[in-house]
Amino acid sequence: MSTLAGILLFILTVTLMEGFAYVMHRWVMHGPGWFLHESHHRPRMGAFELNDLYAAIFALPSIILLLGGVQLGWGEWATWVGTGIAAYGAIYFGFHDVIVHRRIGHRYVPRSDYMKRIVQAHRLHHVVETRSGTVSFGFLYAPRPEILKAQLVRNGKEGIRVASSDTSP
């Protein structure tokens with residue numbers, strides 16, 4: 001496999017991971033996997049929450065593909081795809097855990113329209129504390145906040161978080 005083909009496969013993998021993350025978030029984490037994800041829609045007590053187990057679960061395909069590609073002779077494609085999955089995980093961690101939820105202190109303030117929209121969309125996702133009725137399940141793409149707010153209104157008030165002094169859902 002040429003380096004160019006590998007890079008294209010890497011970029012394709014990172015891009016497709018957004019769709020995979022949306023599906024997993026919408027229909028697994030807010031479905032049968034709610035027993036773990038629910039902790040993420042509640043105020044965190046301590047450094048970790050049950051939802052953090054998803055990071056280990058979603059890292060497994062990357063680890064297996066990297067092992068297969070580097071050590072087990074599955075082919076370079078496995079290494080490029082495993083690396084793409086890992087890159088998406090790193091992007092997700094940086095955006096979601098660091099920028100949005102501030103699990104690591106920083107002084108970054110979103111200034112671009114894109115970053116403001118993504119952060120606001122994720123905050124709107126967290127105004128609902130229940131597994132149903134929420135909006136915006138993606139991490140790198142989100143509809144405009146006006147669209148999400150209208151959708152929340154259509155979904156009704158059930159499960160909406162009561163305003164508090166805590167601004168980091």
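Please read these numbers as outputs of a predicted model, since none were measured by experiment. Values reported hereafter were calculated over all heavy atoms of this structure, with side chains retained and with hydrogens, waters and symmetry mates removed.
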Closest approach of [X] and [Y], non-hydrogen atoms and distance?
X      : Y      : value
Asn155 : Gly133 : ND2-O, 2.9 Å
Arg123 : Val100 : NH2-O, 3.2 Å
Val98  : Gly94  : CB-O, 3.2 Å
Ala5   : Ser2   : N-OG, 3.0 Å

By side-chain contact (heavy atoms from CB on, under 4.5 Å) - contacts of [X] (at least two apart):
X      : value
Thr13  : Leu9, Met17, Val81, Ile85
Leu124 : Gln120, Val135, Pro145, Leu148, Lys149, Leu152
Arg111 : Val109

May I ask you to decide if [Y]'s main-chain N or O and [X]'s side chain share a donor-acceptor pair within less than 3.5 Å?
X      : Y      : answer
Glu76  : Gly6   : no
Arg144 : Ala121 : no
Arg102 : His106 : yes

So, do [X] and [Y] sit near enough that their side-chain heavy atoms are less than 4.5 Å apart?
X      : Y      : answer
Met115 : Phe95  : yes
Phe93  : Ile104 : yes
His96  : Arg103 : no
Thr134 : His30  : yes
Met29  : Asn51  : yes
Trp74  : Thr79  : no
Arg131 : His37  : no
His25  : Tyr54  : no

> Under the side chain to side chain contact (heavy atoms under 4.5 Å, CB included) criterion, do Phe137 and Val23 qualify, and how do the steps go?
Replying inline: CA-CA 8 Å; Phe137 295 94; Val23 167; over 6 Å; no
In terms of hydrophobic clustering (I, L, V, M, F, W, Y; side-chain heavy atoms under 4.5 Å; direct or indirect links), are [X] and [Y] co-clustered?
X      : Y      : answer
Ile11  : Met1   : yes
Tyr92  : Ile118 : yes
Ile63  : Leu66  : no
Trp80  : Tyr88  : yes
Ile147 : Leu140 : no

Euclidean distance, [Y] [atom2] relative to [X] [atom1], rounded to 0.5 Å:
X      : Y      : atom1 : atom2 : value
Leu60  : Leu67  : CG    : CG    : 11.5 Å
Ser136 : Arg26  : OG    : CZ    : 12.0 Å
Tyr22  : Phe139 : OH    : CZ    : 11.0 Å
Leu12  : Thr15  : CG    : OG1   : 6.5 Å
Leu72  : Ile64  : CG    : CD1   : 10.5 Å
Tyr114 : Tyr141 : OH    : OH    : 10.5 Å

>> Is it true that, when you exclude Gln71 itself, more than 12 heavy atoms of the residues, nucleotides or ligands shown sit nearer than 6.0 Å to its CD?
In response: no
> Between His40 and His126, how do the two ring planes meet: parallel, tilted or perpendicular, split at 30° and 60°?
Replying inline: perpendicular
>> Once you measure the plane-to-plane angle for Phe20 and Phe58, does it fall in the parallel (<30°), tilted (30-60°) or perpendicular (>60°) bin?
In response: perpendicular
